[in-house]
Amino acid sequence: MVRQEKKGRATVQELSVIVYGRDVQGHLADCLDSVTGQLPEGAELVVAAVDDPAPTADVPGRVTVLALPGTISDEEARAAGGARASGEWLLFVHAKDRVPPGALRALRDRVVDLPDGAERVDVVLADQVRSTWHTSGAPGPDARLLARAGDRDLALADCPDLLRVTPLLGNRALRAAFWRDHRDRLAATEERFAARAALVLADRVTALQQVVLDERRLRAASLPPLTPQEYYAPVGEYEDLQRLMADRGTPTGPRAVLYDVMATECMRIVARAGMPEPVGREFFRRASRAAVAWRPEGYIRPAGLEGIRRRLLEEDAYSRYRAFQSVNHKRRGLKSAVRERKRRVGAKVRGHRYRRELRRPVDPDLAVFSAYWDRGMACNPGAIAAKLAELAPRIHQVWVVSAAKAPLLPPGTDHIVPGSRRYWEVMARAKYLVNNVNFPNGVVKRPEAVHVMTHHGTPLKRMGLDQIEYPTASKGLNFRQLLARVDKWDYSVTSNSHSTRMWERAYPAHYVALEYGYPRNDVFYRATAADIRAVRDRLGIAPGRRAVLYAPTHRDYEAAWTPRLDLATLADRLGDDTVLLVRGHYFYGGAASPLAELRRSGRVIDVSTYDPVEDLCLAADALVTDYSSIMFDYANLDRPIVVYADDWEMYAKTRGVYFDLIAEAPGPVARTQDELTEILASGAWRDEASGKARAAFRRRFCEFDDGNAAERVVRRVFLGESGASLPPVIPVDERIPAPTPEEAARP
């Protein structure tokens, strides 16, 4: 329930997001867009940025822009924003950072459920990801700490390791009354100090297992060099925190954790290259004094090399520490060479263990799933796994996930990291292996095992052996190894007869084609009006606005993704009632988005990292794409599709295609941006001709997708059923897709 009480002239919101600080390297616009594009009901935005921003998002009455002089600090800007906020909870986001899609709704929903009272929660601590100039959304180290805390309301003494969570204000919401009570320590102080001081001062804290901040770590070479006082600052901050704990009578547990964090960080700072020698010596002296003064009674140093470092620090033995560091560098060089030899030996040992596991019986109740080269639970494997849990819960599921993506898995998901000892044990003994790409060459196909290839799209472009004639697309592809991987398939899942024929041609082998539909597309027939409203709400799409999803594909002749449309101009031409959801291809998921510098007004939202993509399809009134297979999936919704084919001839020549998309398109085709703008502005995107083209396209390419694909796969592959026991495919003309956004908005 949204509170609309009045305090003076200000409306009381449940959550205030305060974007504060200087516009570092032009990232402020991106930060503001990430907030205004998803600002939920019951939340407001206060902009306390130094460089006179001009957010123009369509959220009247809920955006306040403060005019601040260019001479004030980030801390002063934060204090000014907090003073102006009317929310019962405050989230401070630095102007260089971003808020991931859906984060504000999740945070707001959590804080409104927290009770007031004598033992109220003052801080909600959440997860965060990190981006740099060349990476995007990498998981941070905090997920395991938050998972350990769970959803309980805790005193800091109950879970002191929360002090190890990355000290940012953007990953913790503060109760406004708590902020006001401790403004002197939280408002105009350095962020790292304020973030940890909030935990020390709070009566109780709770954790939220959700990413609410994308912290942008700026390239060090692009920043001014640190002054000596800036180098020394962390020591003073830690000492101030220890004094605060002493004044409040904080128990030994949190004080010991903070001491350990302080000592560890101080040693890391000293070890960094580039610190001038006199500054390093003075920093070491100050850190030594703090290490002796604040060492908790009974504290035991870590074992090993870290313990030696700590002892040298406490003894203020700077020269001996540097000598130790030099020796240790040489030792690491030798260890590196030894590790490489061990790696080769280890590979042989793992191979031996794997062969040993292969001699053990196959576990009939063990299934391994993977998607998109171990990126996580997604696509057809994800939909099959969900249905399997429903129909055959006795089968234990294990997901193959890279170490970097593992923290993003739902809590409790059993998973294995490629190359680990358990990975080879599980891969050797699993009865079922399901993937939308191939498993590695080294995975042995046991006679009793069942390999299911689900694929992840309907082929317009040439695939498999059909790429041989297109060297631009097949560069580096070993076709003999490809066929060896294909020979392991037992089943190939397809969504239409076209795919069945193309897979048999591109991947010739003795597998069985399951013409059951794509399980990931079941949601397009099962989603409700409430589901669609919820997705649009998470994305920040206001009721009544038209949402157009723009999803271009990868081009083999381009090194990186560059939008082929002038998105700002297109948004302006389409007007305030249209929002563009822009999704780059997943091949570029680790690269900095080219949309990051685009100044947007809430009408262009970068959803390149939003998952699952099926949500975006449900939220969109129309799709604009070029040659992406998303068009085949989106067609299930029977909503308008516009093809933007400005480089069709080049794409067809370099990649190779299976049919002429221009002649057999699912809707209008634009060859220039002006043509695309005219189609979207004139109504041609959903006229009678568009409907006829889409109907023909659906009959051809949505042949088996009817909402029951996952059940058919599970019953056939895992339960051994066939024939009449499987749900029959509903004819295309008899299917009822999920409601359109317009239909979902009706009472």
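Quick note: residue numbers are just sequence positions, from 1. Everything quoted here is computed from the prediction, not taken from an experiment.
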Margin query: For E306 and R309: C-alpha separation, side-chain torsions, deciding distance, then whether salt bridge (charged side-chain N to carboxylate O under 4.0 Å, His left out) applies.
Written below: CA-CA 5 Å; E306 183 63 19; R309 295 187 188 96; 3.2 Å; yes

Margin query: Pair W179, F92 - check ring pair (Phe, Tyr, Trp, His ring centres under 6.0 Å), show working.
Written below: CA-CA 11 Å; W179 165 267; F92 293 92; 4.5 Å; yes

Next item on the list: Begin with the C-alpha distance, continue with both residues' side-chain angles, and end with the deciding distance and a verdict on side-chain contact (heavy atoms from CB on, under 4.5 Å) for R216 and L218.
Entry: CA-CA 6 Å; R216 190 188 303 275; L218 302 174; 4.0 Å; yes

Notebook entry, point to check: Just how far is it from atom CG of D122 to atom CG of L199, taken to the nearest 0.5 Å?
Noted result: 10.5 Å

Margin query: Any non-hydrogen side-chain atom of V124 less than 4.5 Å from a side-chain atom of R172?
Written below: no

Check: Would you say the side-chain atoms of R196 pair up with the backbone N or O of L168, donor to acceptor, closer than 3.5 Å?
Finding: no

Notebook entry, point to check: Quick one: are S319 and R281 in side-chain contact, heavy atoms under 4.5 Å?
Noted result: yes

Next item on the list: Calculate, to the nearest 0.5 Å, the distance between atoms CD and CG belonging to Q229 and L226 respectively.
Entry: 11.5 Å

Margin query: For a quick test of reading the model, state the closest non-hydrogen atom pair linking L409 to G376 and the distance between them.
Written below: CD2-CA, 4.5 Å

Next item on the list: In sequence, state the C-alpha distance, the side-chain angles, and the governing distance for D153 and R120, and then conclude on salt bridge (charged side-chain N to carboxylate O under 4.0 Å, His left out).
Entry: CA-CA 8 Å; D153 299 347; R120 67 185 187 185; over 6 Å; no

Checklist line | Side-chain donor/acceptor of D214 to backbone N/O of P100, under 3.5 Å | finding: no

Note to self: Looking only at the side chains, is there a donor atom on one of E315 and Y321 sitting less than 3.5 Å from an acceptor on the other?
What the structure shows: no

Note to self: Between V47 and L66, is the side-chain contact (heavy atoms from CB on, under 4.5 Å) condition met? List the steps.
What the structure shows: CA-CA 6 Å; V47 184; L66 306 185; over 6 Å; no

Notebook entry, point to check: Does the side chain of Y423 reach to within under 4.5 Å of the side chain of V417, using non-hydrogen atoms?
Noted result: no

Next item on the list: Report yes if some heavy atom in the side chain of L244 is under 4.5 Å from a heavy atom in the side chain of R185; otherwise report no.
Entry: yes

Check: Under 3.5 Å, is there a donor-acceptor pair linking the side chains of E314 and S288?
Finding: no

Next item on the list: Measure across A256 and P296 and return the closest heavy-atom pair with its distance rounded to 0.1 Å.
Entry: CA-CG, 3.8 Å

Notebook entry, point to check: Mind checking whether M245 and L241 have side chains closer than 4.5 Å, heavy atoms only?
Noted result: no

Margin query: Check whether Y232 forms a cation-pi arrangement with R286 (NZ or CZ under 6.0 Å from the six-membered ring centre, at most 45° off the ring normal).
Written below: yes

Margin query: Taking the side chain as everything from C-beta on, heavy atoms only, tell me whether L91 gets closer than 4.5 Å to L104.
Written below: yes

Check: Taking the side chain from D158 and the backbone from A155, do they hold a donor-acceptor pair closer than 3.5 Å?
Finding: yes

Check: Given side chains that start at C-beta, do those of E237 and T189 come closer than 4.5 Å, heavy atoms only?
Finding: no

Checklist line | Under 3.5 Å side-chain donor-acceptor pair for T264 and R310 | finding: yes

Next item on the list: Kindly determine whether E282 and Y231 satisfy side chain to side chain donor-acceptor pair (under 3.5 Å), including the steps that lead there.
Entry: CA-CA 10 Å; E282 174 61 17; Y231 274 117; over 6 Å; no

Next item on the list: Using atom types as modelled and distance alone, determine if a side-chain donor or acceptor of T36 lies under 3.5 Å from a backbone N or O of L32.
Entry: yes

Notebook entry, point to check: Are E44 and S16 linked by a side-chain donor-acceptor pair shorter than 3.5 Å?
Noted result: yes

Next item on the list: State, without any angle test, whether E14 and W89 hold a side-chain donor-acceptor pair at a distance under 3.5 Å.
Entry: no

Margin query: Would R84 and T64 count as a side-chain contact (heavy atoms from CB on, under 4.5 Å) here? Give the steps.
Written below: CA-CA 8 Å; R84 188 62 177 271; T64 301; 3.9 Å; yes

Notebook entry, point to check: Could you state the interatomic distance from CG (L146) to CG (L162), rounded to the nearest 0.5 Å?
Noted result: 7.0 Å

Next item on the list: Mind running salt bridge (charged side-chain N to carboxylate O under 4.0 Å, His left out) on D414 and R422 for me, showing each step along the way?
Entry: CA-CA 11 Å; D414 193 4; R422 185 168 179 248; 2.9 Å; yes

Check: Are any of the side-chain heavy atoms of K405 and D374 separated by less than 4.5 Å?
Finding: no

Next item on the list: Can you see which heavy atom on R130 is nearest to which on P141, and at what distance?
Entry: NH2-CD, 3.2 Å

Notebook entry, point to check: What pair of heavy atoms forms the shortest contact from L90 to A85, and how long is it?
Noted result: CD2-CB, 3.7 Å

Check: What's the verdict on side-chain contact (heavy atoms from CB on, under 4.5 Å) for V205 and L156, showing C-alpha distance, side-chain angles and the deciding distance?
Finding: CA-CA 7 Å; V205 301; L156 182 60; 5.5 Å; no

Note to self: Please give me the minimum heavy-atom distance between Q210 and A106, naming the atom from each residue.
What the structure shows: CD-CB, 3.7 Å

Checklist line | Side chain E190, main chain R192, donor-acceptor under 3.5 Å | finding: yes

Notebook entry, point to check: How long is the gap from CD on Q242 to CZ on R295, to the nearest 0.5 Å?
Noted result: 13.0 Å

Check: Is there a donor-acceptor pair closer than 3.5 Å between any side-chain N or O of D23 and the backbone N or O of L28?
Finding: yes

Note to self: Closer than 3.5 angstrom, by distance alone: can the side chain of R301 be matched with the main-chain N or O of I308 as a donor-acceptor pair?
What the structure shows: no

Check: In Å, rounded to the nearest 0.5 Å, how long is the span from CD of E191 to CG of L186?
Finding: 12.0 Å

Item checked: Test item: E265 side-chain N/O and M262 main-chain N/O as donor-acceptor pair under 3.5 Å -> no

Next item on the list: Locate the shortest heavy-atom distance separating V212 from A126; write the atom from each residue and the value.
Entry: CG2-CB, 3.5 Å

Next item on the list: Verify the distance criterion only: is there a donor paired with an acceptor across the side chains of Y20 and D74 at less than 3.5 Å?
Entry: no

Next item on the list: I would like to know whether D142 and R164 meet salt bridge (charged side-chain N to carboxylate O under 4.0 Å, His left out); could you show each step before the answer?
Entry: CA-CA 8 Å; D142 303 328; R164 301 183 190 276; over 6 Å; no

Note to self: Pairing donors with acceptors under 3.5 angstrom, does anything connect the side chains of R255 and Y259?
What the structure shows: no

Checklist line | Inter-residue atom distance R204.CZ - R152.CZ, 0.5 Å rounding | finding: 10.0 Å

Note to self: Looking at E297, I want to see if its CD is surrounded by more than 12 non-hydrogen atoms of other residues, nucleotides or ligands under 6.0 Å.
What the structure shows: no

Margin query: Would the distance check show the side chain of Q397 and the main-chain N or O of A385 forming a donor-acceptor pair, the cut-off being under 3.5 Å?
Written below: yes

Note to self: Determine whether a donor-acceptor pair (N or O, by modelled atom type, separation under 3.5 Å) exists between the side chain of R78 and the backbone of A187.
What the structure shows: yes

Checklist line | Intermediate values then yes/no, side chain to side chain donor-acceptor pair (under 3.5 Å), T206 and R110 | finding: CA-CA 10 Å; T206 190; R110 181 60 181 279; 2.8 Å; yes

